[in-house]
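These notes concern the structure reproduced below.
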Amino acid sequence: MYTPVFTQNMQIEFGGRARWGATFGGYASVDNYGHGTACAGAAAGFSVGVAMKATIIAVKVLGDNGQGFISDIISGLDWVHNQASTSGRPSVASISLSANQSSVPLDDAVTSLTSIGVHAIVAAGNGNIDAGNVSPARATGAVAVGASNITDSKASFSNYGSVVALFAPGENIISAIFLYSEGWAIWTGTSMASSYVSGLVAYLISSRGNTTPAKMRANLKNLALNGVLTNI
């Protein structure tokens with residue numbers, strides 16, 4: 001969820017696995033910013049992603065400047081809730097955004113997803129502050145992901161704290177570009193880190209079978225390496 005996938009990239013990096021789901025906020029149903037396409041590439045791109053066979057459904061809740069309203073984000077999460085409830089299929093909500101403030105309604109919308117079995121993977125945020133103070137990273141049931149860099153250090157911008165379940169690469173990440181039908185862009189942020197973990201969850205569902213969000217969170221933490229990162 002953010003400013004989703006550039007659809008012409010579907011046949012190149014996504015192999016026809018990506019489709020538009022819904023748009024909230026009156027924005028155009030296309031990615032004119034690039035963030036959503038890059039996040040989708042990290043999660044499930046054929047060349048640069050983790051879950052290379054996953055289906056990608058774009059949900060746009062922010063404008064092409066990366067700004068928007070919490071009410072539209074909640075509407076997008078509610079749409080995901082309804083779609084997952086109807087399909088009954090294992091689902092991963094890759095929530096690559098941060099409100100940069102606390103919002104109980106936003107937290108509740110994310111927690112509601114996990115209550116029906118949707119795995120909510122959330123960017124910890126890019127303010128270098130305690131993620132326990134921002135939504136939806138602090139939402140109960142969510143897997144909040146911080147960003148690390150190539151030196152195995154916490155990225156300088158990454159939020160941190162007890163609500164962060166794990167860290168993943170999030171600095172100078174090569175992923176799909178939105179401007180052309182093929183090509184690459186470099187992105188930095190906890191959005192990229194959470195996208196990698198979203199792809200990992202999809203892969204684990206495929207290879208090991210689905211489980212509850214709580215057990216998946218525990219599995220991720222067990223798979224992660226402890227005591228590796230500095231500046232945490």
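Annotation for A93 and L113: closest pair CB-CD1, 4.0 Å, computed over non-hydrogen atoms. Of all heavy-atom pairs between A109 and D78, the closest is CB-OD1, 4.5 Å. Contact record, V197 with L166: CG2-CD1, 4.3 Å, taken as the closest heavy-atom pair. Contact between R17 and E13 at its shortest, heavy atoms only, is NH2-O, 3.5 Å. Pairing each heavy atom of W79 with each of V59, the nearest pair is CZ3-CG2, 3.6 Å. Across all their heavy atoms, M52 and F46 have their closest contact at SD-O, 3.2 Å.
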Requested in this report: Take N128 and F157 through the side chain to side chain contact (heavy atoms under 4.5 Å, CB included) test and state the conclusion after the steps.
Outcome: CA-CA 5 Å; N128 191 30; F157 55 82; 5.6 Å; no
Query raised in the report: Would S191 and H35 satisfy side chain to side chain donor-acceptor pair (under 3.5 Å), going step by step from the backbone distance to the final call?
Result: CA-CA 9 Å; S191 290; H35 183 274; 3.0 Å; yes
**Report entry** Derivation and outcome, side chain to side chain contact (heavy atoms under 4.5 Å, CB included), residues I95 and I121
**Finding:** CA-CA 6 Å; I95 307 171; I121 316 301; over 6 Å; no
Requested in this report: Please test I73 against L106 for side chain to side chain contact (heavy atoms under 4.5 Å, CB included), starting from the C-alpha separation and ending with a verdict.
Outcome: CA-CA 8 Å; I73 300 172; L106 179 55; 3.6 Å; yes
Query - side chain to side chain contact (heavy atoms under 4.5 Å, CB included) between I57 and R19, worked out - result: CA-CA 5 Å; I57 302 174; R19 65 178 176 85; 3.2 Å; yes
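In terms of the side chain to side chain contact (heavy atoms under 4.5 Å, CB included) criterion, residue partners of T111 (sequence neighbours excluded) are, by chain and number, T114, A139, T140. In terms of the side chain to side chain contact (heavy atoms under 4.5 Å, CB included) criterion, residue partners of N172 (sequence neighbours excluded) are, by chain and number, I186, T188. Listed by chain and number, the residues in a salt bridge (Lys or Arg N to Asp or Glu O under 4.0 Å) with D130 amount to none (sequence neighbours excluded).
Between S47 and W184, the closest side-chain pair of non-hydrogen atoms falls below 4.5 Å. Using a 4.5 Å cut-off on side-chain heavy atoms (C-beta onward), M192 and S175 make contact. Side-chain contact between L204 and L220 is present, with at least one heavy-atom pair separated by less than 4.5 Å. The side-chain heavy atoms of N133 and R138, taken from C-beta on, include no pair separated by under 4.5 Å. Here the side chains of K60 and D72 are not in contact, with every heavy-atom distance at 4.5 Å or above.
Although no hydrogens or angles enter the test, the distance criterion places no donor-acceptor pair under 3.5 Å between the side chain of S98 and the main chain of G125. S206 places no side-chain N or O within 3.5 Å of a backbone atom of A202 that could act as its donor or acceptor partner. The backbone N or O of A99 lies less than 3.5 Å from no partner atom in the side chain of S103, so there is not a single donor-acceptor pair. Using modelled atom types, one side-chain atom of N159 and one backbone atom of G127 make a donor-acceptor pair closer than 3.5 Å. In terms of modelled atom types and a separation under 3.5 Å, the side chain of T190 and the main chain of A123 share no donor-acceptor contact. When atom types are taken as modelled, the side chain of S207 and the backbone of Y203 share a donor-acceptor pair closer than 3.5 angstrom. Not a single donor-acceptor pair under 3.5 Å links the side chain of K215 to the backbone N or O of N219.
Summarising the local packing, CG of L229 is surrounded by more than 12 heavy atoms from other residues, nucleotides or ligands at distances under 6.0 Å.
In this structure, V134 belongs to a hydrophobic cluster whose other members, linked by side-chain heavy atoms under 4.5 Å apart, are I129. Counting Ile, Leu, Val, Met, Phe, Trp and Tyr side chains that sit under 4.5 Å apart, directly or through other members, Y27 shares a hydrophobic cluster with F69. Residue I150 shares its hydrophobic cluster (ILVMFWY side chains chained together at separations under 4.5 Å) with no other residue.
Tracing side-chain contacts under 4.5 Å through hydrophobic residues (I, L, V, M, F, W, Y), one never reaches F167 starting from V228; they form parts of separate clusters. Follow the hydrophobic side-chain contacts under 4.5 Å out from L223 and you reach M216 in the same cluster. In this structure, V145 is a member of the same hydrophobic cluster as V92, with clusters built from ILVMFWY side-chain heavy atoms closer than 4.5 Å. Side-chain heavy atoms closer than 4.5 Å link hydrophobic residues (I, L, V, M, F, W, Y) into clusters, and following such links, possibly through other members, connects W187 to V50. One hydrophobic cluster, built from ILVMFWY side chains closer than 4.5 Å, holds both L97 and V118.
Separating the CG atom in D31 from the CH2 atom in W20 is a distance of 6.5 Å, to the nearest 0.5 Å. Rounded to the nearest 0.5 Å, atoms CD1 (I205) and CZ (R89) are 10.5 Å apart. Rounding to the nearest 0.5 Å places CG of D108 at 11.0 Å from CG of L77.
Between the side chains of S148 and E171, no donor-acceptor pair of N or O atoms lies under 3.5 Å. Counted by atom type alone, S102 and S135 present zero donor-acceptor pairs between their side chains at under 3.5 Å. In this structure, a donor-acceptor pair under 3.5 Å is present between the side chains of S94 and S198.
Each of S112, P105, P136 was compared with I74 under the side chain to side chain contact (heavy atoms under 4.5 Å, CB included) criterion, and only P105 meets it.
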